[in-house]
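Just so you know, residue 1 is the first one in the sequence shown, and it goes up from there. Each ligand, and each atom within it, is numbered from 1 in the order the structure gives. Fair warning: this is a prediction, and the values are worked out from it, not measured in the lab.
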Amino acid sequence: MERTNTEFSLSEMDPTFMSVLAATACGGAALVLFMRYCNRQRMKVKIRKARSRRDASVQQAEQAVQQFSTTKPDAENARIVSLSLTELTKRLQEGSLSPEEALHAYMEKALEVNKRLNCATDILLESREQLSNIENCRDGLLYGVPISIKDNVGYKGHDSTCGVLCKVDEPAEEDCVVVTVLKRQGAIPFIKTNIPQGLLNYDCSNPLFGQSLNPHNLQKTPGGSSGGEGALIGGGGSILGIGTDIGGSIRIPSSFCGICGFKPTSNRISLRGLSSCCRGQKSVLSAVGPMARDVDSLALCMKALLCEDMFALDPTVPPMPFDDKAYLSTKRLRIGYCENDGYLMPSPSMSRAFRETRELLEKAGHTFVPFTPPRIAYAMHELIVKGLLADGAETLLSNLKGGPVDPCLMAQIIPYRLPHWLKKTLSVILRPILPRISASLSALCGVSSVPDLWRQHASVEDYTHEFISEWQRLKMDVLLCPMLGPAFNLNYCGKLTCTVHPPPSTVPVDLFLSV
Ligand SMILES: CCCCCCCC/C=C\CCCCCCCC(=O)NCC(=O)O
């Protein structure tokens with residue numbers, strides 16, 4: 001057969017051209033490999049830097065504690081860290097205990113807990129400098145109380161990493177509003193605590209600081225994302241901590257670690273100066289709140305925060321002080337209850353805890369009415385998942401760029417990374433057999449346009465009113481519902497958000513209340 005003049009074989013090509021082609025290909029491949037190598041080195045340097053900074057602060061704190069114990073050998077540290085917050089504040093205010101003693105007792109205990117649970121990301125050595133003018137805060141509600149803050153709570157001169165590499169070496173220029181107000185109330189932030197990478201997860205591990213462990217069982221997670229707080233407070237290394245919560249980040253670690261946590265309405269406490277990996281997301285709002293050993297401590301912290309200072313520093317916060325009358329009221333309540341929302345079934349131990357709580361409250365004279373949250377599957381997929389990831393997870397994924405993905409997040413991230421068309425196709429194929437996975441995959445695509453985002457926001461608004469109307473129709477004062485728990489195994493939480501069915505549990509649990 002005759003050849004056309006456009007056909008030619010490789011063997012007939014000019015050897016010089018061939019060599020240039022081969023050299024270009026090799027050079028290109030070498031360049032890619034070199035860039036990858038450089039990127040990996042940069043990544044390692046950042047991780048090493050963050051860790052060594054944390055380790056150096058731990059070492060300096062150990063020395064400070066050592067030094068203090070030689071100058072004050074009779075300090076009753078074990079006794080100090082066993083006091084409740086009410087007792088501690090009383091002793092500090094009457095002067096039978098100094099802020100210096102309280103701080104060093106807690107620093108010693110926190111360092112011990114951190115060794116066991118790996119829950120600290122930074123020790124705030126400035127806390128010792130704060131002691132020199134702490135007398136100016138003598139009238140503060142938290143005068144001399146050492147407190148812990150979650151990694152993403154801005155503290156001047158320190159990183160708020162959110163567990164991602166791109167936020168290393170980006171120290172806060174100022175204390176955030178919450179820290180400023182707490183300091184003015186006499187509190188002494190002395191430690192920052194660990195989080196899961198990107199904060200959108202219920203475990204507590206990231207490539208910078210590693211995995212935090214549960215204070216009651218080292219095989220389990222403390223939960224997330226305020227997991228370092230849960231571990232530290234549950235382990236006795238802090239008496240009061242500050243966490244943040246969008247979809248359970250205060251409540252879940254509180255449940256897993258056997259402590260109390262409170263998620264106020266968003267913007268009841270200022271969010272100014274806090275770090276996030278999905279800033280600007282407005283469908284499911286974040287909130288700052290306290291975590292502690294008992295409910296009275298949560299109330300005291302809320303009371304301290306809801307003051308003129310906060311309302312002046314962040315005028316977007318409604319100037320509503322803490323309602324002492326409502327908190328102290330002994331009025332019988334009308335309590336809505338929902339043991340099973342039909343979407344996530346509580347574990348047997350959590351059901352038992354729920355029923356025992358209900359019985360106790362009924363005996364105390366409170367009235368119970370059944371409450372069913374409206375359209376729960378729709379709310380989960382269309383409002384929560386679609387809202388949190390309205391951008392198709394682009395912002396979260398861009399925050400993870402340039403670094404390894406933590407094993408606790410991997411299962412959750414894989415579907416986020418699928419191309420849009422594949423998520424949509426899989427969603428259609430899976431609809432008849434796995435309707436929840438199908439709905440989640442569709443929601444993971446996010447919104448398609450600005451009008452679609454507005455529609456999503458409008459749907460959230462409508463749902464909120466639907467929920468409130470049902471609450472009002474039943475004349476409820478509060479709602480009692482179970483919390484996720486007991487604590488899960490390490491690395492399980494990312495899979496939970498993928499499979500969205502209840503975790504099997506054989507661990508007996510005591511009564512953990514989410515307030
Ligand atoms: C096979 C495909 C199914 C994939 C389904 C994945 C659905 C996951 C969607 C969203 C994840 C939601 C995680 C929410 C975690 C919230 C934690 C939190 O409150 N963080 C906020 C904070 O710390 O401030």
Margin query: Under the criterion ring pair (Phe, Tyr, Trp, His ring centres under 6.0 Å), I'd like the reasoning laid out for Phe322 against Tyr327: C-alpha separation, chi angles, the key distance, then a yes or no.
Written below: CA-CA 9 Å; Phe322 185 81; Tyr327 182 60; 5.7 Å; yes

Next item on the list: Could you list the atoms of ligand 1 found under 4.0 angstrom from a heavy atom of Tyr202?
Entry: 14 (C), 15 (C), 16 (C), 17 (C)

Check: So, Asp314 and Ser270: side-chain donor and acceptor under 3.5 Å apart, yes or no?
Finding: yes

Item checked: Ser249 N/O under 3.5 Å from ligand 1 N/O -> yes

Notebook entry, point to check: Between the side chains of Ser212 and Asn118, does any donor sit under 3.5 Å from an acceptor?
Noted result: no

Next item on the list: Would you check the N or O atoms of Lys150, main chain and side chain alike, for any that come under 3.5 Å of an N or O of ligand 1?
Entry: yes

Notebook entry, point to check: Which of the numbered atoms in ligand 1 are below 4.0 angstrom from a heavy atom of Ile246?
Noted result: 18 (C), 19 (O), 21 (C)

Notebook entry, point to check: Quick one: which ligand 1 atoms are inside 4.0 Å of a heavy atom on Tyr416?
Noted result: 8 (C), 9 (C), 10 (C), 11 (C)

Next item on the list: Give a yes-or-no answer on whether the side chains of Lys150 and Ser225 include a donor-acceptor pair shorter than 3.5 Å.
Entry: yes

Margin query: Check for me whether Arg375 meets the cation-pi criterion with Tyr463, that is, NZ or CZ under 6.0 Å from the six-membered ring centre and within 45 degrees of the ring axis.
Written below: no

Note to self: Please work out, at 4.0 Å between heavy atoms, whether the side chain, the backbone, both, or neither of Ser225 comes within that distance of ligand 1.
What the structure shows: side chain

Margin query: Would you call the rings of His158 and Tyr155 parallel, tilted or perpendicular, taking 30° and 60° as the class edges?
Written below: perpendicular

Note to self: Within the 3.5 Å criterion, strictly below it, is a donor on Glu229 or Ser148 matched to an acceptor on the partner's side chain?
What the structure shows: yes

Notebook entry, point to check: Which atoms from ligand 1 have a heavy atom of Ile437 less than 4.0 Å away?
Noted result: 1 (C)

Check: In terms of atom number and element, which parts of ligand 1 are under 4.0 angstrom from non-hydrogen atoms of Gly248?
Finding: 19 (O)

Checklist line | From the candidates Asp151, Leu426, Thr244, the one that places a heavy atom nearest atom 24 (O) of ligand 1 | finding: Thr244

Next item on the list: Say whether Asp151 and Asn194, considering side chains only, have a donor N or O and an acceptor N or O under 3.5 Å apart.
Entry: no

Item checked: Ligand-side contact atoms (ligand 1) for residue partner Gln412, heavy atom cut-off under 4.0 Å -> 11 (C)

Note to self: Show me which atoms of ligand 1 lie under 4.0 Å from any heavy atom of Val385.
What the structure shows: 9 (C)

Next item on the list: Verify whether one side chain among Ser297 and Asp294 offers a donor that lies under 3.5 Å from an acceptor in the other.
Entry: yes

Next item on the list: Select one of side chain, backbone, both or neither to describe which atoms of Lys423 lie under 4.0 Å from any atom of ligand 1, heavy atoms only.
Entry: neither

Check: With atoms numbered from 1 as shown, which atoms in ligand 1 lie under 4.0 angstrom from a non-hydrogen atom of Gly247?
Finding: 16 (C), 18 (C), 19 (O)

